[in-house]
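On a predicted model such as this, the values are computed, not experimentally measured, just so you know.
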Amino acid sequence: MKRRFLAAIITTLASLSAAIWIAWASSPDPTHNVASFEANPITRGVAAPNEAITLAQTRDKEGAVLTLLVESYDGEQVVGVDLRDLGAPASENPFVALGIVPDEVLTTVVPSQIARTTVKVDDLLPTAPRGSRHIGIGTNFPEHAQEARSSSVFNF
């Protein structure tokens, strides 16, 4: 009785191991997911408001999170409008502001009488939401591929 039970366990484990190996061996190899790149190098800049909404966050003098509607970026600093000046409440969550400020305000050129804020890139907060886990895409453009010494796209 014990021998049959032990034989059944061994057979089950062997079958399970074989199934896992077959699934692994027949799955697509992620290293063959070749990255495709643009014909021209990517240039730094900010899209026009009617093309994309660009946000950045920093802290104001009191330490509160400030969300900016970015209008320009020169590699060292961004210039933008504090979303509170467009009617948004103070919030660490930029989506709260986006939900309150009308799209037609976000996607048009903001009048010049509204103050602009200039922030050094080093003073910007991380672009990912605060949390302990994030998903990223590697080598989604040539500079990442060179940095990672990879010719394929990968998630991490």
Side-chain angles (χ1 to χ4, degrees), residues 1-60 62-78 80 82-84 86 88-107 119-156:
M1 180 75 169
K2 284 185 179 182
R3 283 187 179 200
R4 273 196 262 177
F5 180 71
L6 185 58
I9 289 176
I10 291 172
T11 302
T12 302
L13 289 175
S15 298
L16 184 60
S17 296
I20 291 171
W21 184 86
I22 289 169
W24 173 80
S26 62
S27 66
D29 185 350
T31 62
H32 295 298
N33 183 5
V34 179
S36 61
F37 303 120
E38 295 81 9
N40 298 316
I42 294 174
T43 58
R44 292 182 178 181
V46 176
N50 63 341
E51 293 178 19
I53 296 170
T54 304
L55 301 178
Q57 289 187 309
T58 189
R59 294 199 182 275
D60 64 17
E62 291 77 37
V65 172
L66 173 75
T67 301
L68 299 175
L69 176 61
V70 177
E71 295 180 322
S72 67
Y73 165 69
D74 67 7
E76 294 181 22
Q77 60 188 15
V78 298
D82 182 347
L83 287 181
R84 295 177 296 187
L86 300 177
S91 175
E92 290 193 15
N93 184 341
F95 296 110
V96 169
L98 287 175
I100 292 174
V101 178
D103 288 347
E104 56 271 8
V105 173
L106 293 169
T107 58
V119 181
K120 292 179 185 176
V121 170
D122 291 344
D123 294 333
L124 295 175
L125 296 174
T127 56
R130 287 115 188 105
S132 60
R133 296 181 183 167
H134 303 284
I135 297 173
I137 306 294
T139 68
N140 54 330
F141 53 90
E143 293 82 359
H144 282 175
Q146 288 174 341
E147 185 178 283
R149 295 187 181 112
S150 176
S151 62
S152 61
V153 178
F154 59 91
N155 295 324
F156 58 92

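Closest non-hydrogen pair, Ala56 versus Leu124, comes out as CB-CD2, 3.9 Å. The minimum heavy-atom distance between Leu98 and Ile53, with the atom names listed, is CD2-CG2, 4.2 Å. Contact record, Leu66 with Asp60: CB-N, 4.4 Å, taken as the closest heavy-atom pair. Minimum heavy-atom separation, Pro94 to Leu55: CB-CD1, 3.9 Å. Nearest heavy atoms, Leu83 versus Ala97: CD1-CB, 3.6 Å. Summarising the geometry of Ile100 relative to Ala88, their closest heavy-atom pair is CG2-CA, 4.4 Å, with the distance given to 0.1 Å.
Taking OG of Ser17 as the reference point, atom CD1 of Ile22 lies at 11.0 Å (rounded to 0.5 Å). Rounded to the nearest 0.5 Å, atoms OG1 (Thr67) and CG (Leu86) are 11.5 Å apart.
In this structure, Lys120 does not pair ionically with Asp122, as no charged nitrogen and carboxylate oxygen lie closer than 4.0 Å.
Val65 is listed as a side-chain neighbour of Arg59, based on a closest heavy-atom distance under 4.5 Å.
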